[in-house]
Amino acid sequence: MEFIYRVVGEGTERLSRRAIGDSLDVLGPLGTPFALQYGRRHVLVGGGVGIPPMLFLAETLRAEAAADEVLVLLGGRTADLILCEDDFAGIGLPP
């Protein structure tokens, strides 16, 4: 399991002090699942901490609908806050 987060408060600061192998109680998955329609053009737009779920969606589209066209648009308050660019490029979807 992989966690992507940005330290913005006490909770994420405490999380940042965890070491690989430490135990952690988690609750999930939370949120609304993606409703996929194949055989279409897909435009994925994400910014900041909204980018990692788009990576999961992009990987799913590449695996299950390889013929579909997928465009990825990423943004952030600053260039340093744009996450996962190399991960998207690694699956053939450079942002």
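Computed over heavy atoms, backbone and side chain alike; hydrogens, waters and symmetry mates excluded.
Heavy-atom minimum distance, Cys84 versus Ile51: CB-CG2, 4.1 Å. Among all heavy-atom pairs drawn from Leu81 and Arg6, the shortest one is CD2-CD, 3.5 Å.
With Leu93 as the partner, the side chain to side chain contact (heavy atoms under 4.5 Å, CB included) test is satisfied by one option alone out of Asp87, Leu71, Val72: Val72.
Atom CD of Glu10 has 12 or fewer heavy atoms from other residues, nucleotides or ligands within 6.0 Å.
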> Where do Leu44 and Val70 land on the side-chain contact (heavy atoms from CB on, under 4.5 Å) test, with the steps shown first?
Replying inline: CA-CA 7 Å; Leu44 309 182; Val70 180; 4.0 Å; yes
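You'll find the side chain of Tyr5 stays beyond 4.5 Å of the side chain of Val49, heavy atoms only. In this structure, Glu85 and Leu74 have side chains that are in contact, with non-hydrogen atoms separated by less than 4.5 Å.
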Check residues 18-37 and write down every donor-acceptor pair under 3.5 Å in which the side-chain atom is one partner and the other belongs to a residue at least two apart or another chain.
residue : atom : partner : partner atom : Å
Arg18   : NH1  : Ser23   : O            : 2.7
Asp22   : OD2  : Ala19   : N            : 2.8
Gln37   : OE1  : Arg40   : NH1          : 2.3

Output a table of donor-acceptor pairs, distance under 3.5 Å, between side-chain atoms of residues 53-62 and any protein atom two or more places apart or on a different chain; print 'none' if there are none.
residue : atom : partner : partner atom : Å
Thr60   : OG1  : Phe56   : O            : 3.0
Arg62   : NE   : Ile91   : O            : 3.3

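Leu15 CG to Thr12 OG1: the interatomic distance, rounded to the nearest 0.5 Å, is 7.5 Å. Residue Phe88 holds its CZ atom at 9.5 Å from CG of Leu83, rounded to the nearest 0.5 Å.
In this structure, Asp68 contributes its side chain and Gly39 its backbone to a donor-acceptor pair below 3.5 Å.
No single ILVMFWY cluster, assembled from side-chain heavy atoms under 4.5 Å apart, contains both Val8 and Ile4.
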